[in-house]
A.B. asks: 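Would you mind keeping the following structure in view while I ask a few things?
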Amino acid sequence: MSINATLIIQMIVFAILVWFTMKFVWPPITTALDERAKKIADGLSAADKAKNELAAANKRVEAQLSAARDDANKRLADAERLAQQMIEEAKGRASEEAAKIIAAARAEAEQESVKAREALREQVAGLAVKGAEAILRKEVNASVHADLLGRLKAEL
């Protein structure tokens, strides 16, 4: 065999190998590579999409938290306002009640004062009658009358 025939046979074998590789081996490899590239691209796009969704979700959560804080602050302010209003109403009712109690106490004191005056008048009238009786029983004498009137003054 000469070098030329060997070279030609090797070239034929190489051509068959190239054809076989291009026909049967290369398509599955390129398909696998394309699928892998597609999976990687899909994974990257899904990661970007998830990242964007996460950012949007974080914004929504922050907005909801802010709204909840505002609502809580508003409710607290309303509760404080209501408490102040209730306190003011209670103070007003207590003042009215105190005024009624004071008025009733004054009226009762006035009635007691009137009763005491009436009792005192009755006692004074009784003493006056006793004094007049004593004067009329005794003889009419100025010094005795002065003494009786002095004792009557002492009793009053």
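Numbers here simply count residues along the sequence, with the first being 1.
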A.B. asks: Using a 3.5 Å distance criterion without hydrogens, assess whether the side chain of Thr30 forms a donor-acceptor pair with backbone atoms of Trp26.
C.D. replies: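 Side chain of Thr30 to backbone of Trp26: a pair is present.
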
A.B. asks: Through direct or indirect side-chain contacts below 4.5 angstrom among Ile, Leu, Val, Met, Phe, Trp and Tyr, which residues connect to Ile40?
C.D. replies: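 Hydrophobic cluster check, Ile40: joined to Leu44.
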
A.B. asks: Kindly check if the number of other-residue, nucleotide or ligand heavy atoms within 6.0 Å of CD (Glu108) is above 12?
C.D. replies: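 For Glu108, atom CD is not crowded (no more than 12 foreign heavy atoms under 6.0 Å).
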
A.B. asks: Please tabulate, for side-chain N and O atoms in residues 93-101, each donor-acceptor pair with protein atoms closer than 3.5 Å (sequence neighbours left out).
C.D. replies:
| from | atom 1 | to | atom 2 | distance (Å) |
| --- | --- | --- | --- | --- |
| Ser95 | OG | Lys91 | O | 3.0 |

A.B. asks: Other than Leu82, what residues sit in its cluster of Ile, Leu, Val, Met, Phe, Trp and Tyr side chains whose heavy atoms are under 4.5 Å apart, directly or through others?
C.D. replies: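 Met86, listed by chain and number.
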
A.B. asks: Quick one: name the residues clustered hydrophobically with Leu17, using the 4.5 Å side-chain heavy-atom rule over I, L, V, M, F, W, Y, and just say none if it's on its own.
C.D. replies: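 Its cluster partners, ordered by chain and number, are none at all.
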
A.B. asks: If the condition is side chain to side chain donor-acceptor pair (under 3.5 Å), which residues does Arg106 pass it with, not counting sequence neighbours?
C.D. replies: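 With neighbours one apart ignored, the set is empty.
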
A.B. asks: Are Met22 and Phe14 connected in a single hydrophobic cluster, I mean Ile/Leu/Val/Met/Phe/Trp/Tyr linked by side-chain heavy atoms less than 4.5 Å apart?
C.D. replies: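 Result: yes, single cluster for both.
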
A.B. asks: Under the side chain to side chain donor-acceptor pair (under 3.5 Å) rule, collect the residues that match up with Glu88, sequence neighbours excluded.
C.D. replies: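 Glu88 satisfies side chain to side chain donor-acceptor pair (under 3.5 Å) with no residue once adjacent residues are dropped.
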
A.B. asks: Restricting to side chain to side chain contact (heavy atoms under 4.5 Å, CB included), what partner residues turn up for Phe24, sequence neighbours left out?
C.D. replies: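 Partners of Phe24 under the side chain to side chain contact (heavy atoms under 4.5 Å, CB included) test: Trp19, Phe20.
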
A.B. asks: Apply side chain to side chain donor-acceptor pair (under 3.5 Å) to Asp78 and list each qualifying residue two or more places apart in sequence or on a separate chain.
C.D. replies: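 By the side chain to side chain donor-acceptor pair (under 3.5 Å) rule, Asp78 matches Arg81.
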
A.B. asks: Partners of Arg36 by side chain to side chain donor-acceptor pair (under 3.5 Å), sequence neighbours excluded?
C.D. replies: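 Not a single residue meets the side chain to side chain donor-acceptor pair (under 3.5 Å) criterion with Arg36.
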
A.B. asks: Which residues, ordered by chain and number, are linked to Ile8 in its hydrophobic cluster, where ILVMFWY side chains connect at heavy-atom gaps below 4.5 Å, directly or through other members?
C.D. replies: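 Members other than Ile8 - counting any ILVMFWY side chain reachable under 4.5 Å - are Ile12, Ile16.
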
A.B. asks: With a 4.5 Å cut-off on side-chain heavy atoms, are Glu35 and Thr31 touching?
C.D. replies: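 Yes; the side chains approach each other to less than 4.5 Å.
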
A.B. asks: Could you pull out all residues at least two apart from Leu54 that satisfy side chain to side chain contact (heavy atoms under 4.5 Å, CB included)?
C.D. replies: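 By the side chain to side chain contact (heavy atoms under 4.5 Å, CB included) rule, Leu54 matches Asn58.
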
A.B. asks: Can you run down the salt bridge (Lys or Arg N to Asp or Glu O under 4.0 Å) pairs that involve residues 43-71, sequence neighbours left out, and say none if there aren't any?
C.D. replies: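 Qualifying pairs: Asp71-Arg75.
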
